[in-house]
Amino acid sequence: MLPKGPYNSGNTEPEILKYWLDGKFFKPEYHPERGLLSTEEMKTDGREPFCIVNPPPNAYMRPHIGNVSGYAYQDVFLRYNRMKGKKVLGQPGKDHAGIQGEVVLEKIFWENKKKTKQDMGRDKFYKASYSHFLKLMPMVMADEQRIGLSSDYDRNIFTLDPKIVKTVLGTFTKMFEDKMVYKGVRIVNWDPIAKTTLADIDTEREERDGELVYINYPIAGENKKPKIKTIVFDIYGVVVKADEQKTIDQEIIALIKDLKHQNYKIGLLSNTKEENLVEHDSDGQYLKLFDFQYFAADTNNPKPDPKAYEKFEEKYSLKPEEILFIDDNIENLSPAKKRGWITFHYQDNTENLKKFIETGREYLTVATTRAETMLGDTAVVINPKDERYKDLIGKKLILPLVDREIPVITSPHVDMEFGTGAVKLTPAHSMDDYKMMNEWNVENGEEKKVGYINVIDKDAKMTGPIPEKYKGLTTEECREEISKDLEKQGLIVKREPHKMNVMIGERSKAVVEQIMSSQWFIDVEKLKQPAIDAVKNGEVQIHPDYMKKKYLHWMENLHDWPVSRSLWWGYRIPVWYKGEVKEEVNQETGQIIETINGVQVDGIYDAVAKGLAKVQIDEPGSENRKNLFLIPGKHGYANRKLFPEIKNEYPHAAILDVKGLDDPEYKNYVDEFKKYDFDEASIIVAHSLGTRAILRYLLDNKIKVNSLIMLAPGCRKPRSNGRDQKYLDLITNAHDYDQLKDLIKNIDIVYSDNDELMTLKNFEDFVKLIPGAKAHLEKNKMHYASSDYGNRSEIVKGLLKEKLDANIENNLTKFTVVRHAQTDHNKIKAFCGSLDPKLNRTGQVQAEMFARTLKESNEKYDMIISSDLKRAKETAEIIAKELKLEVISTELIRERDFGILEGKTWQQVETEYPKLAKKIEEQYQEEIPEGESINKVEDRVRAFLDMIRNDYSGKKILLVTHFGIIRILKRELLGETPEESRKGQIDNLQRFEMRIKPESDWIQDLDVFDTWFSSGQWAYAPLIANDLIDTFYPTDIMETMHDILELWVSRMMMLSLYTQKKIPFKHVYLHGMVKAADGQKMSKSKGNVVLPEEIIEKYGADSLRLMYLVGNKAGASYPVSYEKLEGYKRFLNKIWNASKFVLSNTENIKPSDKSSNKEDKKLLRELMTLKQTIIRHIDNYRIGMAAEELYSHFWHYFCDVFLEEVKPRLYTKDREGNPINQGPKEQKSRKEAQSVLLYALREYMKMLNPFIPFITERIWQEIEPEKTIMYESWV
RNA sequence: GGGCGGUUAGCUCAGUUGGUAGAGCACUCGCUUGACGUGCGAGUGGUCACAAGUUCGAAUCUUGUACCGCCCACCA
């Protein structure tokens, strides 16, 4: 029985959620009849798979209202398909959030530990970040569960999980092999403070006052422009009558007069009547001012008639390039410019005007706000339609100050009306110029190609092929200098104040410079076509349909994709360099050149060819996987399947191309083996005949090998031709076996009892035939693979991993670090650094006991190293005696000299030097007078570690040293922070285990991938990680917000089609943006953010789901509506009460869809059509309509009509309590009504379940307490 | 400037094979409280932005205009 009172979502929903999770109903392994299957059973259980990979929310932040909206839609699909009888996987994950994540983490570490990421170092920052995010993930997951999203949370995975990382990086290495990645020089936003490239989104714009400077670029030699012959003035409102003069007229008048003297033709374009242009002479007479050669009335003043200029030219047959136009109103200049007239503003100082008129013939004037970048100009661009400069196209200009010739080129992007209509082109330092350069080069080919010259370096200082005096200046300083120098040379025509938008780094607030830099790119040409086709031909459908256009438009205009980002938090680019990579500006050419270890390289393929770079997932050699050799045999299996798989996983493994294996001449493959350097670290996997060949080779050449995995070694009976016998002999000759135990540390044999021509008996013989290796062989495992090679590769791979891990372990240098035994100073806890006391009696005993314990524990050390101070050396010697080892002592690990504190106890120090004591407590680096600085000690310790790396690599060392040194070692080797390392005491003879990794000479690329490169692989990476790719890929639906269709969905399409050769999903469902109640976009700054958890608390998850779902269409945004939430809460209550009514009237009744009653029949018909409608809507991705239909049908038909009608048939008593409906007819009608009622309720609950799962499940518990509603079928 | 949407009742929005305009909220009137912290019934309210076209018939298809929104590009 349902409890009385209104529906309480707050209590019910968490209970139901627990019921689902405990029941494992969210797992695809759950089978409605067979219960929970094993994963393997599930994979082959015959049910149709259905999968949605959930877009991963940020791992560090509770999902916002928009994320939750996505869950609602995804969950409808998941639950609907589950009810259809499919095995359903919702694959959840959490995102590391790229740059956003890094910003958040930096903030957290700063607030909590006052540490920048640089303080922490890259490794530590990454690790700390990783564990921080892992801690936050459950919180995010709880929110996903709370809304009811029925994904398989056991399979939740973090985007930086090593398994995902492997897939993501693997895609890159594959692309590298397919020649689809390249490193190219490209313009980037460079933050000179943060020393990083910035994406546009990480920048802000700030308006600043600047100056637009007009600079004359001389026209080279014979290319001079035609002369300006005509000067046209519009001087309306300036000079009408001399006594009405307003401002600067006298100067203009003087100018005009002057120009007339110089035989320029003067025109007037004005609505001022010519006769009104008069001058007031000294006698007070009005005199006619000018005789104009040309005159045109501009009747449309103050807005001039655009045609006026055309008419003007026509009337007097003038050429636009020979006209200079001067106006008093800057607005009016536009139409004149459109006609291609050179324009000048009247208010410009007449000196400049004059100069321009005089010199304009020899120069092309450009306008710029960034004069300093002219040093990097490589062209001047004009609009191809611009009449004024038409004759200059293709001609050369001389770049002032640098004396370099640059061409005049064209681009339609140039605005003829801005400045002079001629733009200086600085491709290295302006995105736009860079693009214009590229477009020009594409259209005009090699001959007319324009390059870039980089003149700003990464500190935002001037560099490159520029006059010495500018080098090293900041851009601002240089702008000043240039401006001065140009002024001196008379090349500045005019200056006008100009507001400019400066790009600012969002975080550093530094002015962002655009400079050339080497970046990673993905060539999308090969990627994009399949992704376009799949959508065009409908293989992938997008809902709403019109978004297809957005997608295609984006895809078709896609250019190469820059994928590197200067961050630490993300997938570090798996490219390794042999030495330092430097980007330098060539001082002769201004080109960016890249060097590795001082050697210039031309792109990554060149670097790899030169052996200076490698593109592979793991650090080359660091894990000693380089000594992995794969030796194929005669038969196909290993060559064809296994070895390529291994090679894929360990790209540096060598597959030996031994062609001569079945050649009777043994020497053929010996020759092949000779090319390789087998040694003690080697792991050899050999197959079949290859096994015997390599064994022979190792034996003959006495080569020691760490591990040999013999795969189907083929100890078969000799064939009649005698050739096989010969091979068999290679390993069956008894005299060889003695040597095997010395040469090969581990032998593993993988074989099956059904291997061709091989019998178990042969094999056991083989093992027995190595008498000397017996003890060793006991450790080896024998694997009995199935006959069809079924798990053979798994066995080999497992073994391999084991061996490789062991190899890594073996190659580490290991320390057991021990503090020296007790001295008298220790006893009283006095400072003792440079003082050199001996052990006291207790100390000697301590050391002896320690030595004995070591000996008994059977730990083996290669050597003992101690500090050269007596207490340490003495301790070491006592131990050495017991272990029969030599002691090497070094001053590098002496205790710190504590200066004036030597010999004093802490209490003494506190009394004598209270200030110093306090400081030491606070700050471990505090200097001590006359003492040694911590930095110096740290340097000593580092030098010591270097020495170990160089001379004692791979050894196991017992290290006897001091308190302070141990703390430093903990920081250096265990990665402890200073605080951590200072915690607690270190007792005499207390030991610590530490290890040193071998130093690699390979340096990994510093950048990480663009987040879209990794998230673009999200459709399959988690499935690979969970080993479900074969079962659930391609997935069915990708559900996300429409705004990342282009950024995300398109990338998933491209990368999935590339790596998986199959579409990633069949449908893309795009939901709209959830806006705030006021219709505005939600943002923290507006303070209108609505938190899902608050809504859920107040209205319940079901109500919130309905708010997202009911009546909304795909792609459209909609506001949070409290009215609706209120309404849906009432709807839930309605369902609750109607169910209560039905259930209370149908106890012990069986549901039935048969009835003779007219109303019942109508209800049953209604239910049928409703069901069909709902199915149609959902199948056509009209979730909103399906939900709306259900809502109104349940309420306004079932409750309002049917329930009211059925009541009289149910009652057995009237209002007064008298029995009614007692006749057999009425009884039958009542019974039918009850059965149909219950049937209808069941059907409604099932249909409603995908939309409002909690309440329907709760009610279902009353209907069928033993079963969940989740797997009830109704479709 | 390019691309894509939107413009329907006072408000928020539905309306897919073109056939007499819908929901929720709000408003008016009435009824009801033994499923319903309420519910039910009835009602008010829209030349579906504007214009032209196709059609027997257009909110729905075509073209154009206006306004609003989003994305992308641009501002030397």
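Quick caveat, the model's predicted, so the values are computed rather than measured. First the proteins, then the strands, lettered A, B, ... as listed; each starts at 1.
Across all strands shown, A:L1143 has no heavy atoms under 4.0 Å from either base or sugar-phosphate atoms. A:P6 comes within 4.0 angstrom of a nucleotide base, judged by non-hydrogen atoms across all strands. A:V1110 comes within contact range of no nucleotide atom at all, as no heavy-atom separation falls under 4.0 Å. A:K1213 comes within contact range of no nucleotide atom at all, as no heavy-atom separation falls under 4.0 Å. Using a 4.0 Å heavy-atom cutoff across all strands shown, A:K424 reaches no nucleic acid atom at all.
A gap of 13 Å separates the C1' atoms of B:rU60 and B:rU55, to the nearest Å. Atom P of B:rA52 sits at a distance of 30 Å from the matching atom of B:rC13, rounded to the whole Å. With P as the reference atom, B:rA9 and B:rG5 are 22 Å apart, rounded to whole Å. Nucleotides B:rU7 and B:rA59 are separated by 11 Å at their C1' atoms, to the nearest Å.
Remark: P of B:rG24 and NE2 of A:H1196 are 5 Å apart, rounded to the nearest angstrom. The separation between A:K1124 atom NZ and B:rC11 atom P is 15 Å, rounded to whole Å. Atom-to-atom, CE of A:M1082 to C1' of B:rG69 comes out at 17 Å; the value is rounded to the nearest Å.
Within the 4.5 Å cutoff, side-chain heavy atoms of A:I1183 are placed close to those of A:Y1069.
Interface remark: the A:E1204 side chain does form a donor-acceptor pair with the B:rA35 base, using a distance-only criterion of under 3.5 Å. With hydrogens and angles ignored, no donor-acceptor pair closer than 3.5 Å exists between the side chain of A:K549 and the base of B:rC4.
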* Watson-Crick and G-U pairing of RNA chain B written in dot-bracket, each distance under 3.5 angstrom, with | for inter-strand partners -> (((((((..((((.....[..)))).(((((.......))))).....(((((..]....))))))))))))....

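Classification of A:R1258 and A:D1102 as a salt-bridged pair fails, no side-chain N sitting under 4.0 Å from a carboxylate O.
Here A:W1195 reaches the OP1 or OP2 of B:rC40: one of its side-chain N or O atoms lies under 4.0 Å away. A close approach under 4.0 Å does occur between a side-chain nitrogen or oxygen of A:K435 and OP1 or OP2 of B:rC74. Phosphate proximity of B:rG15 to A:K1113: present, with a side-chain N or O under 4.0 Å from OP1 or OP2. Residue A:Y1211 places at least one side-chain N or O under 4.0 Å from the OP1 or OP2 atom of B:rA35.
A:T373 and A:K424 are linked by a side-chain donor-acceptor pair at a separation below 3.5 angstrom, with hydrogens and angles left out of the test.
Summarising the local packing, NZ of A:K1171 is surrounded by more than 12 heavy atoms from other residues, nucleotides or ligands at distances under 6.0 Å. Enclosure of atom CD in A:E439 by more than 12 non-hydrogen atoms of other residues, nucleotides or ligands within 6.0 angstrom is indicated.
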